[in-house]
Amino acid sequence: MQIIKTVEELRPIIQEWRSQGLSVGLVPTMGYLHAGHKSLIVKAVSENDRVVVSDFVNPTQFGANEDLSTYPRDLERDAAVCQEAGASLVFHPEPEEMYAPDSCTFVDMDSLTKGLCGKSRPTHFRGVCTVVCKLFHIVTPDRAYFGQKDAQQLAVIRRMVRDLNFGISIVGCPIVREADGLAMSSRNAYLGEEERKAALILHSSLALGEKMLEEGERDARKVREAILGRLNTEPLARVDYVELVDAESLEPVEKAEKPILAAIAVYIGQTRLIDNFTFAGGQQG
Ligand code: AMP
């Protein structure tokens with residue numbers, strides 16, 4: 001498995017694969033890989049002849065007061081995870097390789113990016129769309145793999161690919177959790193011992209909401225309030241948002257009758273964590 005740092009080195013490798021008629025899968029990541037990332041790579045390996053994992057902490061998706069400088073990094077360990085999962089290549093560019101000093105072109109979206117995480121992170125999805133668009137142009141994959149963990153990101157990328165005719169299949173992959181239910185995240189590394197315990201409140205609050213829906217509750221406000229109420233029982237938790245939205249448009253819903261996404265963002269101490277579940281909807285059970 002190769003580690004490639006420049007676009008110039010990467011392009012001929014991809015061209016060579018293409019000339020052999022091989023299919024290419026892409027797994028975009030910010031590194032510090034865990035079993036959630038690995039599940040995406042394993043899935044990509046099972047569906048493509050060659051798999052590129054990008055490992056790049058993308059500065060344009062961080063806001064001014066966010067954790068860009070402290071974001072955890074470990075290329076050596078990431079390379080071992082990629083190799084074990086069967087990836088062909090890790091693309092690990094420096095920020096200067098991806099963004100010229102006078103770079104001024106961005107990809108942005110009018111809807112889907114204003115609510116949920118977009119409310120407190122107003123420039124985040126512009127950064128995500130721009131870097132993913134660049135990676136799509138550089139790697140020209142047949143398929144690209146994204147986790148349902150970042151449900152809004154997945155919906156945004158699907159829309160971007162449709163709107164801009166990328167002709168790339170976007171494959172959504174289920175959330176991988178720790179044994180106790182906490183959704184795996186590179187940011188879990190920030191949590192102290194007490195915070196790690198407190199972080200379980202995300203999953204248990206969502207589980208409560210999901211149970212209400214499964215038992216027939218369709219009033220989104222009631223489900224939202226139950227999730228919020230449970231989150232507020234944890235002294236170390238500070239809620240950013242709890243939303244029940246249409247799974248595709250990401251617009252808030254009153255009734256959970258069509259497929260919905262229940263998504264939350266919660267600060268545990270200084271660490272902002274997200275989690276979600278989807279519910280298929282349907283008539284009251
Ligand atoms: P990140 O490195 O956080 O940008 O994540 C890279 C990709 O891995 C994104 O598509 C994420 O949605 C996905 N991912 C992160 N955590 C998980 C998880 N716990 N389960 C499944 N996919 C995940």
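Every number for a ligand or one of its atoms is a count from 1 in the order of the listing. Here the structure is a predicted model, which means the values were calculated and not measured.
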Checklist line | Sub-4.0 Å atoms of ligand 1 with respect to non-hydrogen atoms of Leu40 | finding: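 Counting from 1, the qualifying ligand atoms are 7 (C), 8 (O), 10 (O), 13 (C), 22 (N).
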Next item on the list: Using a strict 4.0 Å cut-off to heavy atoms of Lys149, name the atoms of ligand 1 that fall inside it.
Entry: 16 (N), 17 (C), 18 (C), 23 (C)
Please list the nearest protein heavy atom to [atom] with its residue and the distance rounded to 0.1 Å.
| atom | answer |
| --- | --- |
| atom 10 (O) of ligand 1 | Gly147 N, 2.9 Å |
| atom 4 (O) of ligand 1 | Met30 CG, 3.6 Å |
| atom 15 (C) of ligand 1 | His34 CE1, 3.9 Å |
| atom 20 (N) of ligand 1 | Val176 N, 2.8 Å |
| atom 6 (C) of ligand 1 | Pro28 O, 3.4 Å |

Under-4.0 Å heavy-atom contact with ligand 1, by part of [X] that carries it:
| X | answer |
| --- | --- |
| Leu33 | neither |
| Gln153 | side chain |
| His37 | side chain |
| Gln148 | neither |
| Pro174 | backbone |

Check: Quick one: side-chain contact (heavy atoms from CB on, under 4.5 Å) partners of Thr70, sequence neighbours excluded?
Finding: Asp67, Tyr190
Check ion pair [X]-[Y] (N to O, under 4.0 angstrom):
| X | Y | result |
| --- | --- | --- |
| Lys38 | Glu84 | yes |
| Asp142 | Arg50 | no |
| Glu225 | Lys222 | no |
| Glu47 | Lys43 | yes |

Check: Strictly by modelled atom types, are Tyr71 and Asn58 linked by a side-chain donor-acceptor pair under 3.5 Å?
Finding: no
Next item on the list: Compute the shortest N/O to N/O distance between Met184 and ligand 1 and return yes if it is under 3.5 Å, no if not.
Entry: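 Yes; the residue has a nitrogen or oxygen that sits under 3.5 Å from a nitrogen or oxygen of the ligand.
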Margin query: Tell me the nearest of Leu154, Asp55, Asp150, Val27 to atom 14 (N) of ligand 1, using heavy-atom distances.
Written below: Asp150
Next item on the list: Report the residues that fulfil ring pair (Phe, Tyr, Trp, His ring centres under 6.0 Å) with Phe136, sequence neighbours left out, ordered by chain and then residue number.
Entry: Phe166
Notebook entry, point to check: Would you find a donor on one side and an acceptor on the other, under 3.5 Å apart, between the side chain of Arg158 and the backbone of Ile170?
Noted result: yes
Notebook entry, point to check: Does Glu97 reach the main-chain N or O of Val7 with its side chain, forming a donor-acceptor pair under 3.5 Å?
Noted result: yes
